Amino acid sequence: MSELRAIDVSEIIERQKPGRFLIGLAVISWIITFFDGFDSQAIAFAAPYLSAQYHLDRIMIGNIFSMGLVGTLIGGFAFGYLGDRIGRRPAIILATAAFGFLTLVFVFADGYASLLALRLIDGIALGGLLPLSWALNIEYAPKRYRATVVTVIMVGYSVGIAIGGRAANLLIPRYGWQSLFAVGGALSLAVALALVFVLPESARFLASKNLQPQRIAQLLRRLTEVEIPADAQFSVADEARQASDFNPALLFRAQLRFITPLLWLAYISSSMAVFFLATWTPLVFEALTFTRSEAALAGSVNAAAGAVGGLMLMRFTDNLGAIAITAMPLIAIPLLLTAAFADLGNGSFFALFALIALFLIGGHFGLHSIAGIFYPSAYRGNGAGWAISVAKIGSIAGPFAAGLILSTSLPVRYIFAVLAICPAIFAVSVFIIGRIHSAMLQNESQAQGHQEF
């Protein structure tokens, strides 16, 4: 009997050059995250119209925003677990179909109670998609490109938000606020159907679970010209063998006992500021005497500037490690204080706001790019899912606290001074993660040097 050949999936992935398969996967993921961003923030662009039609005050609007984030918290846990049980592919398709359908149902919302309920349920699907998308792309990208790939696909999320603002200006005055949700939901459902035919499963995931060797072989043949025999066995040599059942204690093993809590703290603090900007920007700008169309444009600029910041950062993160992210929140702090206390005209304030978004949201992109890299394939979906779900503590608290502060008699701009606390905590946390990551990268480099010698 011939001896079965063992093939290291991680070695094939590491040796590949960016080609049709990897680029195609990034494009597919970009489209998915585009509609995740469009659908998740449609409520922010519709908020001024909903507020007028249903007589919603700022606290009620804040509750609607926060309820959606409660849903994303649940979704990150639920879909992260599901993705590690049944696979990335079916979980991503399910999440996309679910948020497409539920966004479409917003057309039938008729008041405060129904908006709260729909934001909660829709948020579960919206929050479940992103960590699964990161996991799938990380598991096909060589380590030298992981931050770049995750950042590029997350640009889709920001572009979705930016296009949402433009779509709101075009659609809502003509067809009502319902039209924005109808377009976003219908197109998301069409994308979910297309995913059935084009989205691959993770070869790393299948190999780590000892599942479907023939399917792994088919996937790897799309990455390499190396011959893969029909009777091959597969392993993931750069990851230790993991238990088949996930236990949260796995997130705190070895160096993860430092990385995981620091990552969570960085995510919570960053999310407080970022999700305030994402949800309250149109209403804050209206309160600052900008017109409604200018306020919607500010929401689009916020998302676009954040995407530019993420693109600026991505290659530094791939080359230098997580420590490169530290610069972004550090620069954001004085910019936020300037926005709070400097006497600026509307044009200057608009430009300053774009810079704040570039560094603040750009740094948040950096967190996305490293959220899954520290965890093995067997529970990477859970690792990234728990990180993004715990981050929802900040995502929920930020818009809710902002609603309370904006309901007081304090000048609206003072909210930016409060927000400056968030990037300060973010910077300290990610700096420590960066030092640990740098040591890990140095150890890997030394180990490779010994092997070559």
Side-chain angles (χ1 to χ4, degrees), residues 41 44 47 58-59 61-63 65-66 68-69 72 158 161 264-288 290 295 298-310 313 325-344 346 348-368 390-431:
Q41 294 306 314
R58 289 176 177 174
I59 292 179
I61 290 290
N63 290 341
F65 291 157
S66 295
L69 296 169
T72 60
S158 288
I161 296 173
W264 290 0
L265 182 60
Y267 248 130
I268 290 170
S269 57
S270 180
S271 295
M272 286 188 71
V274 167
F275 276 82
F276 161 74
L277 295 179
T279 53
W280 278 102
T281 289
L283 290 173
V284 166
F285 268 68
E286 281 195 39
L288 292 172
F290 288 85
S300 297
V301 169
N302 173 58
V308 171
L313 179 63
I325 301 170
T326 310
M328 305 297 275
L330 282 178
I331 296 172
I333 295 170
L335 296 177
L336 285 165
L337 294 176
T338 302
F341 300 116
D343 186 13
L344 301 172
N346 279 6
S348 298
F349 183 83
F350 205 105
L352 177 62
F353 180 79
L355 283 176
I356 290 171
L358 186 146
F359 289 104
L360 198 60
I361 302 177
H364 200 68
F365 268 75
L367 279 182
H368 293 331
V390 171
K392 293 304 180 289
I393 296 172
S395 304
I396 295 165
F400 180 76
L404 294 177
I405 295 170
L406 292 170
S407 296
T408 69
S409 58
L410 291 173
V412 172
R413 288 192 182 186
Y414 282 13
I415 188 67
F416 293 102
V418 178
L419 287 180
I421 299 170
C422 300
I425 298 172
F426 174 14
V428 172
S429 302
V430 80
F431 176 76

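As the structure is a prediction and not an experimental result, all values here were calculated from the model.
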> Side chains of V301 and F350: does their closest heavy-atom pair fall under 4.5 Å?
yes
> What's the separation between atom NE2 in H368 and atom OG in S270, rounded to the nearest 0.5 Å?
7.5 Å
> Do F365 and L313 have side-chain heavy atoms sitting under 4.5 Å apart?
no
> So which atom in A295 and which in T281 form the shortest heavy-atom distance, rounded to 0.1 Å?
O-CG2, 4.5 Å
> With under 30° as parallel and over 60° as perpendicular, where do the rings of F353 and F285 fit, or are they tilted in between?
perpendicular
> Please answer whether the main-chain N or O of L69 pairs with a side-chain N or O of T72 as donor and acceptor at a distance below 3.5 Å.
yes
> Nearest 0.5 Å, please: how far is CD in Q41 from CZ in F65?
8.0 Å
> Nearest 0.5 Å please: distance from the CG atom of L288 over to the CG atom of N346.
7.5 Å
> For a side chain to side chain contact (heavy atoms under 4.5 Å, CB included) check, start with the C-alpha distance between R413 and L344, then their side-chain angles and the critical distance, and finish with the verdict.
CA-CA 11 Å; R413 288 192 182 186; L344 301 172; 3.9 Å; yes
> C422 vs F276, test: side chain to side chain contact (heavy atoms under 4.5 Å, CB included). Steps then yes/no.
CA-CA 11 Å; C422 300; F276 161 74; over 6 Å; no
> Between S429 and L265, which heavy-atom pair has the shortest distance, and what is it?
OG-CD2, 3.4 Å
> Can you tell me how far the CD1 atom of I331 sits from the CD1 atom of I356, to the nearest 0.5 Å?
12.5 Å
> How about F416 and F349: are their ring centroids closer than 6.0 Å?
yes
> Compute the ring centroids of Y414 and F341, then answer whether they are less than 6.0 Å apart.
yes
> Check each of L367, V274, V430 against Y267 using the side-chain contact (heavy atoms from CB on, under 4.5 Å) test, and report the only one that passes.
L367
> Please report the interatomic distance CG(N302) to CG(L358), rounded to the nearest 0.5 Å.
10.5 Å
> If every non-hydrogen atom of A273 is compared with every non-hydrogen atom of L419, which pair is closest and at what distance?
CA-CD2, 3.8 Å
> Please name the pair of heavy atoms, one in A47 and one in I61, separated by the smallest distance, quoted to 0.1 Å.
O-CD1, 4.2 Å
> Could you measure the distance from the CG atom of L330 to the CD1 atom of I325? Nearest 0.5 Å is fine.
12.0 Å
> Take V390 and I393, measure what side chain to side chain contact (heavy atoms under 4.5 Å, CB included) needs, and give me the verdict at the end.
CA-CA 6 Å; V390 171; I393 296 172; 4.2 Å; yes
> Looking at every non-hydrogen atom in both residues, tell me the closest pair between M328 and G309 and how far apart they are.
CE-O, 3.6 Å
> Which heavy-atom pair separates P423 from L336 by the least distance, and what is that distance?
CG-CD1, 3.8 Å
